[in-house]
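Since the structure comes first, as structure tokens, the remarks are kept for the end.
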Amino acid sequence: MSDLALARRTGISLGLASLLAIAGFTVLGSVFEYPQILDEPTADILALYRDHQAAVMAWFLVLVLSAALMAPAGVWLGRLTGGRLGRWITITGVAAAVVQVVGLQRWVTLVPGISRDALDPAQRADAEDRFELWHTLLGMAIGETLGYALTATFTVLAVVALRRWLLPRWLAYVGYTAAALIATGIVIPLVEPASLTNFAGYVLWCGWLLAVAWLLLSPRAAARTTRLDQYR
């Protein structure tokens, strides 16, 4: 596959990942009060989930797809970059996709049964305990903490690679800033205000992804891919 084709596929993947994430979080914030709802008692979370279950499941699937797109983006950007840096971009991109998909899929595969069981008084306590267990393990530990770390790392590596031949300096700084803010999410269990900086990081990151996607699909990228070999 040519460098130009790799650049275009990377741009399409990153752009779609950003647009789907923006759409998913916007709609879930409206119909499910996500992610603020996670601070409420488990019974209230499950009740609101049941009230809008079809929509919530559909839009979490959108977020799953958004997260999954980081895998092909990482593979194609890694091949475009080449060398050790390219291999690390591929590893972190695929890993970031996997842990976030694992964390998000629970809303589609596990929570429907848990919310149904919670309607039975005899099973309610057990159902709520299961929800909290999977939320802690799949959501907080894997999807969030590992996801924050890997997404931030992938972003830094992508900036380093793209800065060589495509990114203007100001957009590189935006990428580094977004990565730093996303990484603050790792300490949310210890420092609650970090949830605000983490959220700001993801907002900035989505905008950064769109800007990078536009550059990768622009005539500027087409002109510069012919000189990529000198950076490998």
Side-chain angles (χ1 to χ4, degrees), residues 1-24 61-105 143 146-183 201-232:
M1 189 183 300
S2 69
D3 287 342
L4 180 57
L6 289 171
R8 287 175 174 171
R9 291 189 180 195
T10 302
I12 291 170
S13 296
L14 293 178
L16 280 176
S18 176
L19 291 173
L20 291 174
I22 292 169
L61 277 175
V62 170
L63 290 185
V64 167
L65 178 57
S66 172
L69 283 167
M70 296 305 295
V75 170
W76 289 324
L77 182 57
R79 290 177 61 184
L80 187 63
T81 303
R84 181 178 298 177
L85 177 59
R87 288 193 294 273
W88 278 109
I89 287 173
T90 296
I91 291 169
T92 56
V94 172
V98 169
V99 298
Q100 290 179 85
V101 167
V102 168
L104 290 166
Q105 57 78 35
L146 277 178
Y148 298 151
L150 288 167
T151 299
T153 303
F154 170 79
T155 303
V156 169
L157 295 176
V159 170
V160 172
L162 292 169
R163 181 72 184 96
R164 296 173 174 179
W165 65 281
L166 185 65
L167 286 192
R169 182 176 300 176
W170 70 268
L171 194 54
Y173 289 149
V174 172
Y176 287 135
T177 301
L181 291 172
I182 289 171
Y202 270 105
V203 171
L204 185 62
W205 186 70
C206 285
W208 180 80
L209 285 184
L210 287 176
V212 171
W214 181 83
L215 284 176
L216 286 166
L217 295 169
S218 70
R220 178 180 181 180
R224 294 192 175 190
T225 52
T226 59
R227 304 198 300 270
L228 265 175
D229 285 340
Q230 65 184 298
Y231 301 111
R232 293 188 175 120

(request) List the atom of V159, the atom of A172, and the distance in Å for their closest heavy-atom pair. (result) CG1-CB, 3.7 Å

(message) Give me the atom names and distance for the closest heavy-atom approach of A73 to L14.
(response) CB-CD2, 3.7 Å

(request) Give the minimum heavy-atom separation between L210 and I22, together with the two atoms involved. (result) CD1-CD1, 4.2 Å

(request) Kindly compute the distance separating OH (Y202) from OH (Y148), expressed to the nearest 0.5 Å. (result) 6.0 Å

(message) With a sphere of 6.0 Å drawn around CZ of R163, does it hold more than 12 non-hydrogen atoms of other residues, nucleotides or ligands?
(response) yes

Ignoring hydrogens and angles, write down the donor-acceptor pairs under 3.5 Å from the side chains of residues 85-97, residues two or more places apart or on other chains.
unit_1, atom_1, unit_2, atom_2, d
T90, OG1, G74, O, 3.2
T90, OG1, G86, O, 3.2
T92, OG1, W88, O, 2.9
T92, OG1, I89, O, 3.3

(message) Using 0.5 Å steps for rounding, measure from the CG atom of L166 to the CG atom of L171.
(response) 8.5 Å

(request) Taking all heavy atoms of A178 and all of G201, pick out the closest pair and write down the distance. (result) CB-O, 3.9 Å

(message) Would you say that L77 contacts L157 through its side chain, given a criterion of any heavy-atom pair below 4.5 Å between the two side chains?
(response) no

(request) Keeping the roles fixed (side chain from S13, backbone from R9), state whether a donor-acceptor pair exists under 3.5 Å. (result) yes

(message) For the CH2 atom of W165 and the CG atom of L80, what is their distance to the nearest 0.5 Å?
(response) 5.0 Å

(request) State, with a plain yes or no, whether a side-chain heavy atom of L215 is found less than 4.5 Å away from one of L162. (result) no

(message) Nearest 0.5 Å, please: how far is CG in L146 from CD in Q100?
(response) 10.0 Å

(request) Supply the atom-to-atom distance L209 CG to L16 CG, rounded to the nearest 0.5 angstrom. (result) 11.0 Å

(request) Output yes when a side-chain donor or acceptor of S18 lies under 3.5 Å from a complementary backbone atom of G15, and no otherwise. (result) no

(message) Let me confirm one number: the CG-CG distance from L104 to L65, rounded to the nearest 0.5 Å.
(response) 11.5 Å

